[in-house]
Protein chains: 2
Amino acid sequence: MAEELNTGLLLFLPYRAMETRVFEELAAAGFDDITPSQARLFQRISPEGSRLSDLARQAGITKQSAGFLIDQLERLGYVHRAPDPADGRARLVQIAERGQRSVEAARAVVARVEAEWTSHLGERRMAQLRRILTDLREITDPWR
Amino acid sequence: MAEELNTGLLLFLPYRAMETRVFEELAAAGFDDITPSQARLFQRISPEGSRLSDLARQAGITKQSAGFLIDQLERLGYVHRAPDPADGRARLVQIAERGQRSVEAARAVVARVEAEWTSHLGERRMAQLRRILTDLREITDPWR
DNA sequence: GTGTTTGGTCAGACTATCTGACGAGGTCGG
DNA sequence: CCGACCTCGTCAGATAGTCTGACCAAACAC
């Protein structure tokens, strides 16, 4: 039954599936103390470190909420804060050692799930999907 | 910069954009008392009415949480509950008059946003996107 | 230099979610 | 037809995540 599901929901379903998988397998690998909200924020941290307000803006939450989540990630050893050499007010949130290991574990799960999708869709259509989504990003991603 | 963004995030961006738009425009149209969580559940209610536990399962939340949200939607006049003729334990959550109007308003916004996407991507690629996502649904939607 | 913007924190409130326990209504094997 | 078990929904209590508003200090714009 190929009914008329709205495109938003159609996008949401695989997104949720991916998130759930990464989550479950990360938990099984010992990263079982991180919550979905923390993870959604954590994944936005750039390799050089990110400012709290940038993270908040990208994730679409307030800086207070972001601060709350980063506090916890810091306590759990996933990130640490360093002064920003370029701006005395700011502090850079950087990925700590444990965070780095979790990033690698997550990347492996993502690769595995993407491989499953590719084997269901075929190489060609998987590549098409990524191209189209990347293109769509131009009008749907307010931050870059 | 067409970097290697993971497919999950690539799916999330347009999903979020769609949700945000529907939300803003619904609020502007007088449906400003509904929250995102309520809306995500509400959109799963089938035209004939749905059982609470089915809604919960489909939305991936507990039936307690679903009950909490449906209570509010009922108080706001979006839904009502009727006894399920097929099962004395169950009650059917049905869309009420105000809910019906909001469904129509939401449908109009979705159509508008999809039209924008189509005009950015072109008819052909928009159709491809929907086909591929529908296909992907087979392995990513646990509930049919 | 003074006024405005920006980065971050503190405090308080509220929303959404979970786990556990439960009662009443179905279902099924004997 | 009866007991064991399952399912639908609710109640109660705990916790997580989010917001608004107020604030300070550093940086930026003239």
Side-chain angles (χ1 to χ4, degrees), chain A residues 12 16 19-20 23-24 27 31-46 48-76 78-94 143, chain B residues 12 16 19-20 23-24 27 31-46 48-76 78-94 143:
Chain A
F12 176 73
R16 170 87 158 217
E19 189 180 68
T20 304
F23 231 74
E24 287 170 355
F31 302 104
D32 55 352
D33 49 4
I34 197 169
T35 68
S37 297
Q38 290 162 10
R40 274 192 287 271
L41 196 59
F42 180 75
Q43 99 184 295
R44 312 270 184 162
I45 303 172
S46 88
E48 317 82 54
S50 301
R51 291 190 188 164
L52 194 56
S53 3
D54 289 340
L55 289 177
R57 218 172 311 119
Q58 283 172 39
I61 59 175
T62 60
K63 46 190 187 167
Q64 292 90 325
S65 301
F68 176 78
L69 295 170
I70 294 296
D71 280 348
Q72 303 177 62
L73 286 170
E74 192 167 26
R75 246 178 287 119
L76 295 171
Y78 288 96
V79 305
H80 57 86
R81 284 164 157 121
D84 184 343
D87 189 331
R89 296 164 300 177
R91 298 162 71 195
L92 286 179
V93 178
Q94 295 174 320
W143 308 278
Chain B
F12 176 73
R16 171 86 158 216
E19 190 180 69
T20 303
F23 232 73
E24 286 171 354
F31 302 104
D32 55 351
D33 48 5
I34 197 169
T35 68
S37 296
Q38 289 163 11
R40 274 192 287 270
L41 196 59
F42 180 75
Q43 99 183 297
R44 311 269 184 164
I45 301 173
S46 88
E48 317 81 53
S50 302
R51 291 192 188 164
L52 195 57
S53 1
D54 288 341
L55 289 177
R57 216 171 312 119
Q58 283 172 39
I61 58 176
T62 60
K63 47 189 185 164
Q64 292 91 324
S65 301
F68 176 78
L69 295 171
I70 294 296
D71 280 349
Q72 304 177 58
L73 287 170
E74 191 168 27
R75 247 178 287 117
L76 296 171
Y78 289 95
V79 304
H80 58 87
R81 283 165 158 123
D84 184 343
D87 189 330
R89 297 164 300 179
R91 298 161 73 194
L92 286 179
V93 178
Q94 294 174 323
W143 307 278

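Chain letters run A, B, ... following the sequence lines, proteins first and then strands; every chain starts at 1. Being a predicted model, the structure only gives us computed values, none of them experimental.
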Does OP1 or OP2 of [N] have a side-chain N or O of [X] closer than 4.0 Å?
X: B:S65; N: C:dA16; value: no
X: B:R51; N: D:dC8; value: yes
X: B:Q38; N: C:dT15; value: no
X: B:S53; N: D:dG9; value: yes
X: A:R81; N: C:dG7; value: no
X: B:R57; N: D:dT7; value: no
X: B:R91; N: D:dT10; value: yes
X: A:S37; N: D:dA16; value: no

Give the rounded distance in Å between these two atoms: CG of A:L69 and P of D:dG17.
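So the CG-P distance, A:L69 to D:dG17, works out to 6 Å.
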Within this structure, what is the CZ-to-C1' distance between B:F68 and D:dA14, rounded to whole angstrom?
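Computing the B:F68:CZ to D:dA14:C1' distance gives 14 Å.
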Residue whose nearest DNA chain D nucleotide is more 5′ - A:A86 or A:I61
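Its nearest nucleotide being more 5', the pick is A:I61.
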Hey, does [Y] have a side-chain heavy atom less than 4.5 Å from the side chain of [X]?
X: B:L73; Y: B:V93; value: no
X: A:L41; Y: A:F68; value: no
X: B:R81; Y: B:I70; value: yes

B:T62 side chain, from C-beta outward: closest of C:dT19, C:dG8, D:dC8:
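Closest of the options to the side chain of B:T62: C:dT19.
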Among D:dG9, C:dA24, C:dT17, find the nucleotide with the atom closest to the side chain of B:R89.
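Comparing D:dG9, C:dA24, C:dT17 against the side chain of B:R89, the answer is C:dA24.
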For B:G88 and A:L92, find the nucleotide of DNA chain C closest to each by heavy atoms; which residue's nucleotide sits nearer the 5' end?
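First, find each residue's nearest nucleotide; the 5'-ward one identifies A:L92.
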Tell me if the side-chain of A:Q64 makes a donor-acceptor pair with the base of D:dG21, cut-off 3.5 Å, by modelled atom types.
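Side chain to base: pair found, below 3.5 Å.
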Give one of base, sugar-phosphate or nothing for A:D84, where a contact means two heavy atoms less than 4.0 Å apart.
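Answer is nothing: A:D84 stays at 4.0 Å or more from every strand.
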Nearest heavy atoms of B:E48 and B:Q94, plus distance in Å:
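Closest approach of B:E48 to B:Q94: O-NE2, 3.6 Å.
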Using only atom types and a distance under 3.5 Å, with no angle test, would you say the side chain of B:R44 pairs donor to acceptor with the backbone of B:A56?
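Checked: no pair found.
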